[in-house]
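Protein chains get the first letters and strands the later ones, always in sequence-line order, with residue 1 at the start of each. Atom set for the values below is all heavy atoms of this structure, side chains included, hydrogens, waters and symmetry mates excluded. This is a predicted model, so every value here is computed, not measured.
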Amino acid sequence: MKTKTDATSIQKLVSKLLKWYGLNYRELPWRATKDPYKIWLSEIILQQTRVAQGLSYYLKFVKHYPTIDAFAGAPIDDILKLWQGLGYYSRARNMHKCANQIIKEMNGQFPDNYTDLIQLIGIGKYTAGALASICYDEPVPAIDGNAYRVYSRLFEIYSDISIGSTFKEFFELGLSIVPSQNAGDFNQAIMELGATICLPTNPKCNTCPLNNHCVARSKKVQNLLPVKSKKIKVKNRYFDYLVFIHEGHLALHKRKSQDIWQGLYDFLLFESDKDRKSSIFDILKSSEWGHVELIASSEEYKHILTHQKLHINFHVVQVTESKDFKLICQDNKLEAVHLSDLESLAVPKPVERFLYQELSEMYNFQT
DNA sequence: AATGCGGGGCG
DNA sequence: CGCCCAGCATT
């Protein structure tokens, strides 16, 4: 009795998959190179990010920083500015740290195997597998969201992929399948299949090159897999921003705490448990800012994150008389930034929207 | 093992 | 709206 995990059956599966990939792969820029730096860059950008969203960022970064030396030598603020809008900014900060570590401690030589790669900051089990296989053809699996979906359906695996121990199960399965040659193409083919055919809902089984191998399909349970129990609960947060403006300068704040948007710029922030804005006016009255005038309050900006729903109001406060605006900014841990210098600073998405959709019209500055 | 971290696109 | 996306670090 043959099983679906017979060596012969697996060999056929791999062969079909590689053939399909060779004919159907999308021509993406990071697939036209073997430069580990560029593959690395693409993998970090594509963490929890669709190709369509990350592609333009990849092109920008390769253009600005063609080598790991250029990337490592750049100021982190410049890198964050290029990363602006992509989200998960720790990816950029970690990659910058890592690049400098490679330059300083590894003589600029990128690690060339799974074990060394996974030691690096920002490189976990998936990315180490992807880099080892794609750059060096090391026969290790690369288990990402696509791989979970494809493998769970091919072999009808109901293990909960939210549980940590399930990764090991899929990694071992992948290890038993990944061919000793063309490991990189194999892993990319699995992911490509997951991204274009084996979709989360309504997979295109009719055109799937592996449909004859798929146990889930034979039992019509594709849409039940993979099993993922974890539910994300969304927390509401209420932000009031005071946007001080004085003689063409804005009072900006660089975010540093363990919170969202670390390293990006916003304004003086007051957060409250619910929709309560009375405190704003108290702050203004008892302020050391000099003569202040509340010019306008924005409509509420709703900004959805994976785990938070932000309710943001921007309050534009004109400082008409001030003894020393910059000094008062410093006292409040703010920086006075001229409107013409805004474009060089990384800002969160809702701040970007406010600046360039509302404030730019009020004060008529260029974006 | 559980939680926090962005933003966008899809049905 | 809910779910997912070439995940990782921290606790």
Using the ring of each side chain (for Trp, its six-membered ring), is [X] parallel, tilted or perpendicular to [Y], with breaks at 30° and 60°?
| X | Y | result |
| --- | --- | --- |
| A/Phe325 | A/Trp289 | tilted |
| A/Phe354 | A/Phe314 | parallel |
| A/Phe61 | A/Phe71 | tilted |
| A/Trp40 | A/Tyr37 | perpendicular |

In whole Å, measure the gap between the [atom1] atoms of [N] and [M] for me.
| N | M | atom1 | answer |
| --- | --- | --- | --- |
| B/dC5 | C/dC5 | C1' | 14 Å |
| B/dG8 | C/dC8 | P | 22 Å |
| C/dA6 | B/dG11 | C1' | 23 Å |
| B/dG6 | C/dT11 | P | 16 Å |

Nucleotide [N], atom [atom2] - distance to [atom1] of [X] in whole Å:
| X | N | atom1 | atom2 | answer |
| --- | --- | --- | --- | --- |
| A/Tyr57 | B/dG6 | OH | P | 13 Å |
| A/Phe167 | C/dA6 | CZ | C1' | 13 Å |
| A/Leu199 | B/dG9 | CG | P | 17 Å |
| A/Lys97 | C/dC8 | NZ | P | 16 Å |
| A/Glu352 | B/dG8 | CD | C1' | 13 Å |
| A/Gln262 | B/dG6 | CD | P | 9 Å |
| A/His303 | B/dG6 | NE2 | P | 9 Å |
| A/Leu86 | C/dC5 | CG | P | 16 Å |

Candidate nucleotides [options], ranked by approach to the side chain of [X] - the nearest:
| X | options | answer |
| --- | --- | --- |
| A/Gln188 | C/dG7, C/dA6, B/dG7 | C/dA6 |
| A/Lys309 | B/dG6, C/dC1, B/dG9 | C/dC1 |
| A/Ile121 | B/dG8, C/dA9, C/dC1 | C/dA9 |
| A/Trp261 | B/dG6, B/dG8, C/dA6 | B/dG6 |
| A/Tyr88 | B/dG8, C/dG7, C/dC4 | C/dG7 |
| A/His307 | B/dG7, C/dA6, B/dG4 | B/dG4 |
| A/Ile260 | B/dG7, C/dG7, B/dC5 | B/dC5 |
| A/Gln48 | B/dC5, C/dC5, C/dA6 | C/dC5 |

Suppose we screen for salt bridge (charged side-chain N to carboxylate O under 4.0 Å, His left out). Which residues come up paired with A/Lys219, at least two apart in sequence or across chains?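 Partners of A/Lys219 by the salt bridge (charged side-chain N to carboxylate O under 4.0 Å, His left out) criterion, ordered by chain and then number, come out as A/Glu156.
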Using a heavy-atom cut-off of 4.0 Å across all strands, would you classify [X] as base, sugar-phosphate, or nothing?
| X | answer |
| --- | --- |
| A/Ile190 | nothing |
| A/Gly85 | sugar-phosphate |
| A/Asp259 | sugar-phosphate |
| A/Lys230 | base |
| A/Ser165 | sugar-phosphate |
| A/Ile123 | sugar-phosphate |
| A/Gln308 | sugar-phosphate |

With no angle test and no hydrogens, is the base of [N] tied to the side chain of [X] by a donor-acceptor pair under 3.5 Å?
| X | N | value |
| --- | --- | --- |
| A/Thr49 | C/dG7 | no |
| A/Thr306 | B/dG7 | yes |
| A/Arg91 | B/dC5 | no |

Which is more 5' along DNA chain B, the nucleotide nearest A/Ile232 or the one nearest A/Lys349? Just name the residue.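 Going by which nucleotide is closer to the 5' end, it is A/Ile232.
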Would A/Glu271 and A/Arg237 pass as an ion pair if we require N to O under 4.0 Å?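 Salt bridge flag = yes for A/Arg237 with A/Glu271.
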Which residue, A/Gln53 or A/Asn94, contacts DNA chain C at a nucleotide closer to its 5' end, judged by nearest heavy atom?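 Its nucleotide being nearer the 5' end, the pick is A/Gln53.
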Just checking, is any N or O donor in the side chain of [X] or [Y] under 3.5 Å from an acceptor N or O on the other one?
| X | Y | answer |
| --- | --- | --- |
| A/Tyr126 | A/Gln47 | no |
| A/Asp160 | A/Ser162 | yes |
| A/Tyr301 | A/Gln357 | no |
| A/Arg26 | A/Thr196 | no |

Please tell me if A/Tyr89 has a side-chain N or O lying less than 4.0 Å from either OP1 or OP2 of B/dG7.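 It does, given that an N or O in the side chain of A/Tyr89 lies less than 4.0 Å from OP1 or OP2 of B/dG7.
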Among residues 31-43 of chain A, which contact DNA chain B at a heavy-atom distance under 4.0 Å?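 Those residues whose heavy atoms fall under 4.0 Å from DNA chain B, taken from residues 31-43 of chain A, amount to none.
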